[in-house]
There are 2 protein chains.
Amino acid sequence: MTDAQDRSSNTVANACERCSVRHRAMCAAVDFDHLGALEQIVSHRQFAPGQSIFDESEPADYVYNVSNGDVRLYKLLADGRRQITGFLRPGDFLGLVKQDTYAYGAEAIDAVELCCMRIVDLERLLREMPAVRDRLLDMSRDELAAAQEQMLLLGRKSAREKVLSFLLLRARHDLDLDEAESAALDLPMSRSDIADYLGLTIETVSRTFTSLKEEGLIDLPSAQHVVLPNIEAVEAAASAD
Amino acid sequence: MTDAQDRSSNTVANACERCSVRHRAMCAAVDFDHLGALEQIVSHRQFAPGQSIFDESEPADYVYNVSNGDVRLYKLLADGRRQITGFLRPGDFLGLVKQDTYAYGAEAIDAVELCCMRIVDLERLLREMPAVRDRLLDMSRDELAAAQEQMLLLGRKSAREKVLSFLLLRARHDLDLDEAESAALDLPMSRSDIADYLGLTIETVSRTFTSLKEEGLIDLPSAQHVVLPNIEAVEAAASAD
DNA sequence: GGCCCGCGTTGACGCAAATCAACGCTCGGC
DNA sequence: GCCGAGCGTTGATTTGCGTCAACGCGGGCC
């Protein structure tokens, strides 16, 4: 295959096969023999930090898998108040909605690379590979469980509990079931993003970080790096309090 | 068919065919010819007001469709704080989770009748009728969109906006796309349920109802009956404010 | 029919988090 | 290397909603 052919198809040969997040993504349900069919219908797009991927209520033509970087999903009120409904990472899925418009906006937090698929192509894929539909249903149920946990946080937790829960959520994701005692977290999103995710203001988030640091529950080598020297202590503080 | 046979099979002949909420439920995706197969695997259970249907973290064997009455879904914190994540009505679905335990608790608000199905039987049904899987995926996406809207409410709206949004949500559901100018709502749940759904206290909910009444935005013939004489005015108040 | 008991309402007060404001640090551009 | 803008932190003050408390009402039960 020549470079020209590569470019015209807008894919890299065997890209899906070599995709580092395939096992975590929707595509995990596509068996090895059908990866070629998958590659036929996907394309890739890059987004700069802060760039919009799509807006809420925009007509939905594509669904996306995050292959690199971090994405925020959000909803807005008329006066500009914002609620971030989720942070996505490589392997996560966005854009599937029942109606023909997106139910939320999406923006790149840092440099993002997405794997894109027309919804009509996805639907054809689903018809040909029922296992992918199972996978999507499973992923949706997981998202829903996470959303319910977030409702509990937003409706019933104090600022301190919200921040601790957020840090634990990040730590658990990074460690992925591991039973580590400590964790070093990278927070690519701004304080403003964290505040809008937790239903707080940036000032309250900042003050809470500071007071957790003073208590020794966390360490803050920089604004985007948080160290949890004792995860168990953080867990105790997050639920007890 | 004799009464004895009726009882032994725990179903009523043609119950699914005559089910008044079938077109709204998961079962809408089961075509007429296969209703018999559906009936083979469903049973019915009754619940008294306040009775628990299942607890959070309980092993999940069954999924349910609400055929009559109102159900609340909730999550608890260790100290008893509660967040209601949704109110269900006839036609709604509950209990499907990826892992083998429920992600939330469920209780009957008033007299409830559920249509029950073993998860293993549901899975077999899904294999035989792919359309049901599509329907479940659609319903999950709808639930997810509702959950995101609720996150916006919980994280970013004032008490007044929360109550107004709640009333509008109920009104829209009752009218079902209708363009009525006014609405009379029945609220089967208690003030405490409403408070735990909106992330408020019962006192704040009560005070907000009272002040909306004084403004003439709503009428309160009784605690469980709310009249919206001018839906547009309520919509304006819910988003502007 | 009278008496509770639970639910809803109302009032007084307190507090956690929001708001308003100022300042420092870091990083990118010239 | 300097400068400015954006982000994060910190401090002072306000406020919306929670907490604590009392009371009214309606419905079920004896």
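Within every chain, numbering begins at 1; the chains are lettered A, B, ... in the order of the sequence lines, protein sequences first and strands thereafter.
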Would you say the base of dG11(C) and the side-chain of Arg207(B) have a donor-acceptor pair closer than 3.5 Å? yes
So does Leu200(B) get a backbone contact from the side chain of Arg156(A), meaning a donor-acceptor N/O pair under 3.5 Å? yes
In whole angstroms, the gap separating C1' of dG18(D) from CG of Leu198(B) amounts to 15 Å
Kindly point out which of dG11(D), dG8(C), dA18(C) is positioned nearest to the side chain of Ala223(B)? dG8(C)
Base of dT10(D), side chain of Arg191(A) - is there a donor-acceptor contact under 3.5 Å? no
Lys213(A) NZ to dT10(D) C1', in whole Å, measures 13 Å
Donor on one side chain, acceptor on other, Ser206(A) and Glu203(A), under 3.5 Å: no
OP1 or OP2 of dG8(D) sitting under 4.0 Å from any side-chain N/O of Ser206(A)? no
Thr210(B) side chain N/O closer than 4.0 Å to the phosphate oxygens (OP1, OP2) of dT9(C)? no
Please lay out, stage by stage, how Tyr64(A) and Phe93(A) fare under the test ring pair (Phe, Tyr, Trp, His ring centres under 6.0 Å). CA-CA 6 Å; Tyr64(A) 305 89; Phe93(A) 180 85; 9.1 Å; no
Is it possible for you to check whether Arg72(B) lies under 6.0 Å from the centre of the six-membered ring of Tyr104(B), through NZ or CZ, and within 45° of that ring's axis? no
Roughly how many Å is it from NZ in Lys157(A) to P in dG18(D), rounded to a whole number? 18 Å
If we check side-chain hydrogen bond (donor to acceptor under 3.5 Å, both in side chains) with Asp196(A), which of these qualifies: Arg81(A), Arg82(A), Lys75(A), Arg191(A)? Arg82(A)
Base, sugar-phosphate, or nothing for Ile202(B), non-hydrogen atoms under 4.0 angstrom? nothing
Starting at atom CZ of Arg156(B), determine the distance to atom P of dC17(D), rounded to an integer number of angstrom. 13 Å
Using atom CD1 of Ile194(B) as one end and atom C1' of dG8(C) as the other, report the distance to the nearest whole Å. 11 Å
Using whole Å, what does the distance between atom P of nucleotide dT10(D) and atom CG of Leu212(A) come to? 12 Å
Distance check: side-chain N/O of Thr201(A) vs OP1/OP2 of dA18(C), anything under 4.0 Å? yes
Could you tell me whether Ser190(A) contacts a base, only the sugar-phosphate backbone, or nothing, with contacts defined as non-hydrogen atoms closer than 4.0 Å? sugar-phosphate
Looking only at side-chain atoms of Glu203(A), point me to the closest of dT10(C), dA17(C), dA21(C). dA21(C)
In this structure, how many angstroms lie between the P atom of dT10(D) and the CZ atom of Phe209(A), rounded? 13 Å
Whole-Å gap separating P (dG27(D)) and CD (Gln224(B)): 10 Å
With nearest nucleotide decided by heavy atoms, which residue, Glu214(A) or Val205(B), maps closer to the 5′ end of DNA chain D? Glu214(A)
